[in-house]
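A short write-up of the structure that comes next.
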Amino acid sequence: HDYTKDDIRKMVKDEDVKFLRLMFTDLFGTIKNVEVPITQLDKLLDNKLMFDGSSIEGFVRIEESDMYLYPDLSTWMIFPWSTDRGKIARVICQVYRPNGEPYAADPRNNLIRVLGDMKKAGFTSFNIGPEPEFFLFKMGENGEPTLHLNDKGSYFDMAPMDLGENCRREIVLTLEEMGFDVEAAHHEVAPGQHEIDFKYADALTAADNIQTFKLVVKTVARKYGLYATFMPKPLSGINGSGMHLNMSLFSDKGNTFYDKDGELEISQEAYYFLGGLLKHARSFTAVCNPIVNSYKRLVPGYEAPVYVAWSGSNRSPLIRIPSARGNSTRLELRSVDPTANPYLAIACVLEAGLDGLKNKVEPENSIDRNIYRMDAQERQQSHITNLPDTLHNALKDLSADEVMKQALGEHLYHSFIEAKNLEYDSYRTQVSGWERDQYLEKY
Ligand code: ADP
Ligand code: MG
Ligand code: MG
Ligand code: MG
Ligand code: MG
């Protein structure tokens, strides 16, 4: 929506909005809220609302902690679950420095910058269709998550009133009230696991939508006594949660990935973009799969990708080309998980694809057989490499990739690598239950 300041003032009055929730996202992808009473509306609309940025992950040194929140009026939305004390509206903001420059460590500002580079390269929009998955666990007495799945028991297999299904339905209805175009919602392979797909949008809107989506899922689940988690692999031995990203690049002539005369009806641009994605896959994995636990999902046997390869027919590789053509022609990246900061992840995959286009990077041949049945030698002959197997190894690749540095900008690139190396070190120095079970008595 292209709301003006006056549109906003009118909606506040008509709907009796009492609080404003100003949203932005930190380095780790966590949504940050600054809630202010409606009396601050004029200040907000005049870009004069200040906050202390020093406590935000990945933001500033103490000496320049005063930051401004500039509202993106197109993201204005009144929450459907407002209280009896009046309604709450949210607006997504850009973080600005006191000197009037967009703050480079704000992941959303960074994506806007990369989208600017894309426009200079002659494209109009990068479209993203995400497929986020999540688990619903029963909530404990104090509102804490448990590891009890809600639909695990076989007694109620055919029960018409499954709590999880009802909860998912309300999530979908709430999303629709908030303007989402939900295309599909279904139970996933694992017990307690769900997927909700909403219609693709331009990269910035899609990233905003992913953040709003997570908030809605968690909020509605609570109402049902359920705890929603986007942790990639909460339980050993069963499928983890991913967030496939479907992507296409449009110019004023339409979808540049489609060419009815091309091989597989895919354009040369699409092949170069694909080449770029494959070339940088190992390094953007650190950003698309950013937590220690992400790598417990990227293992063979659970439908998650493990090897760097693509296919036009097979569903198992890192990148798939779904069969739809015309405006729906797209590449599907299957490694991403929902803990990725969507602004950073999308900036990285776009920069990778643009690098492929600029340098005419041809992808390796497609792999249309089951890679998991190939042995190491056959994979080597087909030039198939592995995705990184730990956060540590992914960070090593990210640290050596100049194109990814360009994707994130100096500030975010360095603070991401530093923070994530600390996270990995903290994990590495812990002794786990598995180790005690295996070794305590044996040695
Ligand atoms: P899958 O077959 O992998 O389960 P889904 O049907 O669940 O795929 O999701 C497909 C996603 O791709 C949806 O979000 C849809 O809006 C999106 N999509 C469709 N066309 C395009 C396009 N041109 N660019 C990007 N995403 C697209
Ligand atoms: Mg799907
Ligand atoms: Mg599916
Ligand atoms: Mg799925
Ligand atoms: Mg998919």
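In listed order, ligands and their atoms are each counted from 1.
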Go through the steps to decide whether Asp106 and Tyr96 satisfy the test side-chain hydrogen bond (donor to acceptor under 3.5 Å, both in side chains), and finish with yes or no. CA-CA 9 Å; Asp106 172 357; Tyr96 271 73; over 6 Å; no
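- The distance from the Mg ion (ligand 4) to the nearest N/O/S atom of Glu303 is not under 2.8 Å.
- Counting the atoms of ligand 1 from 1 in the order shown, those under 4.0 Å from a heavy atom of Arg320 are 1 (P), 2 (O), 3 (O).
- The backbone N or O of Pro317 sits less than 3.5 Å from a side-chain atom of Arg334, completing a donor-acceptor pair.
- Minimum-distance N/O/S atom of Glu332 relative to the Mg ion (ligand 5): OE2.
- Checking side-chain atoms of Thr30 against main-chain N and O of Asp26 turns up no donor-acceptor pair under 3.5 Å.
- Taking the centre of each ring, Phe126 and Phe273 come in below the 6.0 Å mark.
- Checked against a 6.0 Å centroid threshold, the rings of Phe28 and Phe416 do not count as neighbours.
- With ligand atoms numbered from 1 in the order given, ligand 1 contributes 23 (N) to contacts under 4.0 Å with heavy atoms of Asn327.
- Coordination check, Glu188 versus the Mg ion (ligand 4): passed, since an N/O/S atom of the residue sits under 2.8 Å.
- Only the side chain of Asp197 comes within 4.0 Å of ligand 1, counting heavy atoms alone; its backbone N, CA, C and O stay farther away.
- In His244, the N, O or S atom that comes nearest to the Mg ion (ligand 5) is ND1.
- Considering each of Ser248, Gly326, Ser323, the one bringing a non-hydrogen atom nearest atom 22 (C) of ligand 1 is Ser248.
- Looking at Arg90, its side chain never comes within 3.5 Å of a backbone N or O of Ile78 through a donor-acceptor pair.
- At least one heavy atom of Phe198 lies less than 4.0 angstrom from ligand 1.
- Here the CG-SG distance, from Leu387 to Cys288, works out to 10.0 Å after rounding to the nearest 0.5 Å.
- A donor-acceptor pair is defined here as one N or O able to donate and one able to accept, closer than 3.5 Å; no such pair exists between the side chain of Tyr200 and the backbone of Ala206.
- Distances below 4.0 Å separate heavy atoms of Lys199 from the following atoms of ligand 1: 16 (O).
- The Glu183 neighbourhood of ligand 1 comprises atoms 13 (C), 14 (O), 15 (C), 16 (O), with distances under 4.0 Å to a heavy atom of that residue.
- Atom 10 (C) of ligand 1 has its nearest heavy-atom neighbour, among Glu332, Arg334, Arg330, in Arg330.
- Within the model, atoms CD1 of Ile92 and CG of Leu69 stand 12.0 Å from one another, a figure rounded to the nearest 0.5 Å.
- Vertex the Mg ion (ligand 4); arms to Glu195 OE1 and Glu133 OE2; angle rounded to 10 degrees, 100°.
- Counting the atoms of ligand 1 from 1 in the order shown, those under 4.0 Å from a heavy atom of Glu195 are 7 (O).
- Looking at Ile128 next to ligand 1, no N or O pair under 3.5 Å apart turns up.
- The backbone N or O of Met374 lies less than 3.5 Å from no partner atom in the side chain of Arg369, so there is not a single donor-acceptor pair.
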